[in-house]
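Computed from a predicted structure; not experimentally measured.
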Amino acid sequence: MVDPTGAGNSFLGALAQGMVSSDDRLPMQIITSNLAGSATWSKLIDTWGNKSQVLKALICAISAAGFAVEQIGVPNVSRTEDGSECWNGTRFTERLHMYTQRLCKVLEESSQTQNWLTE
């Protein structure tokens, strides 16, 4: 079977980068600030403790893989006038911002998530 999208490679590359990224890098700052108001996210971070970087890395990986499945073939990479890299016309940080805002809403609204955390 052939993966024409490159989603697996995008996911793994972003996961690896997320695992070694420090909290002062912009992607991690976006994740932290957008999810700061979520009691469920706070509980997840507390539960995972020293391994909570895995959760943040997974968010980066999911966001990156999303670019790969938007079309057949690898994402179209371009640069804005200010030199920022865009994938399919969108900056990674923009996508990460949108994803974490949605995730925060889902975490707070999902009783399934609440049940999973307390089991």
Side-chain angles (χ1 to χ4, degrees):
M1 178 173 227
V2 175
D3 176 11
T5 65
N9 289 345
S10 298
F11 181 91
L12 291 175
L15 181 67
Q17 182 63 46
M19 290 296 296
V20 298
S21 290
S22 61
D23 284 338
D24 63 343
R25 294 204 57 216
L26 185 56
M28 297 305 161
Q29 290 174 352
I30 291 169
I31 293 168
T32 301
S33 67
N34 283 349
L35 296 171
S38 168
T40 304
W41 178 254
S42 295
K43 188 171 182 178
L44 280 168
I45 294 297
D46 289 344
T47 301
W48 281 65
N50 291 337
K51 296 177 184 170
S52 65
Q53 187 70 17
V54 173
L55 297 173
K56 296 173 189 174
L58 284 168
I59 290 171
C60 290
I62 290 165
S63 297
F67 284 107
V69 298
E70 290 177 341
Q71 74 290 310
I72 294 180
V74 296
N76 179 20
V77 179
S78 61
R79 296 253 177 219
T80 63
E81 288 182 13
D82 68 0
S84 298
E85 185 176 274
C86 290
W87 300 352
N88 301 335
T90 305
R91 290 183 177 111
F92 177 72
T93 52
E94 291 175 74
R95 180 68 58 91
L96 194 58
H97 182 70
M98 290 185 305
Y99 179 79
T100 53
Q101 284 182 325
R102 289 181 191 146
L103 178 60
C104 186
K105 184 176 180 181
V106 168
L107 287 173
E108 293 312 299
E109 292 177 352
S110 174
S111 60
Q112 181 181 9
T113 303
Q114 298 296 328
N115 292 337
W116 174 73
L117 286 171
T118 57
E119 291 177 354

Review point. Are side-chain heavy atoms of L58 and F11 found at a separation under 4.5 Å?
Key: yes
Practice item. Starting at CG of L35, measure out to CD1 of I45 and round the result to the nearest 0.5 Å. Key: 8.0 Å
Check your understanding: Taking side chain as C-beta onward, heavy atoms only, is Q71 less than 4.5 Å from N88?
Key -> yes
Practice item. Drop me the distance from L96's CG to I31's CD1, to the nearest 0.5 angstrom. Key: 4.5 Å
Practice item. Hey, could you give me the CD1/CD distance between I30 and E94, rounded to the nearest 0.5 Å? Key: 9.5 Å
Point to revise | Exceeds 12 heavy-atom contacts within 6.0 angstrom, atom CG of N50 | key: no
Review point. Which atoms form the tightest heavy-atom contact between S10 and A68, and what is the distance?
Key: OG-CB, 3.7 Å
Point to revise | Atom pair OG1/CD of T93 and Q29 - distance to nearest 0.5 Å | key: 11.0 Å
Check your understanding: In terms of ring plane angle, is the pair F92 and W87 parallel, tilted or perpendicular, where the classes change at 30° and 60°?
Key -> tilted
Point to revise | Contact summary for S42 and A36, nearest pair of heavy atoms | key: OG-O, 4.2 Å
Exercise for review: Measure across T40 and L107 and return the closest heavy-atom pair with its distance rounded to 0.1 Å.
Suggested key: OG1-O, 3.3 Å
Point to revise | Ion pair R79/E85, N-O distance below 4.0 Å | key: yes
Check your understanding: Any side-chain heavy-atom pair from R95 and M98 closer than 4.5 angstrom?
Key -> yes
Study note, to complete from the structure: Per side chain to side chain contact (heavy atoms under 4.5 Å, CB included), K105 is matched among E109, E108, R102 by E109
Exercise for review: State, yes or no, whether a side-chain contact exists between N34 and W41 at a heavy-atom distance under 4.5 Å.
Suggested key: no
Exercise for review: Under the side chain to side chain donor-acceptor pair (under 3.5 Å) rule, collect the residues that match up with R25, sequence neighbours excluded.
Suggested key: S21
Exercise for review: Only counting residues at least two apart or in another chain, list the ones meeting side chain to side chain donor-acceptor pair (under 3.5 Å) with Q101.
Suggested key: H97
Check your understanding: With a 4.5 Å limit on heavy-atom distance, are the side chains of C60 and M28 in contact?
Key -> yes
Review point. Rounded to the nearest 0.5 Å, how far does CG of L103 lie from CG of L55?
Key: 10.0 Å
Practice item. Kindly work out whether a path of hydrophobic side-chain contacts (I/L/V/M/F/W/Y, heavy atoms less than 4.5 Å apart) joins L15 to V20. Key: no
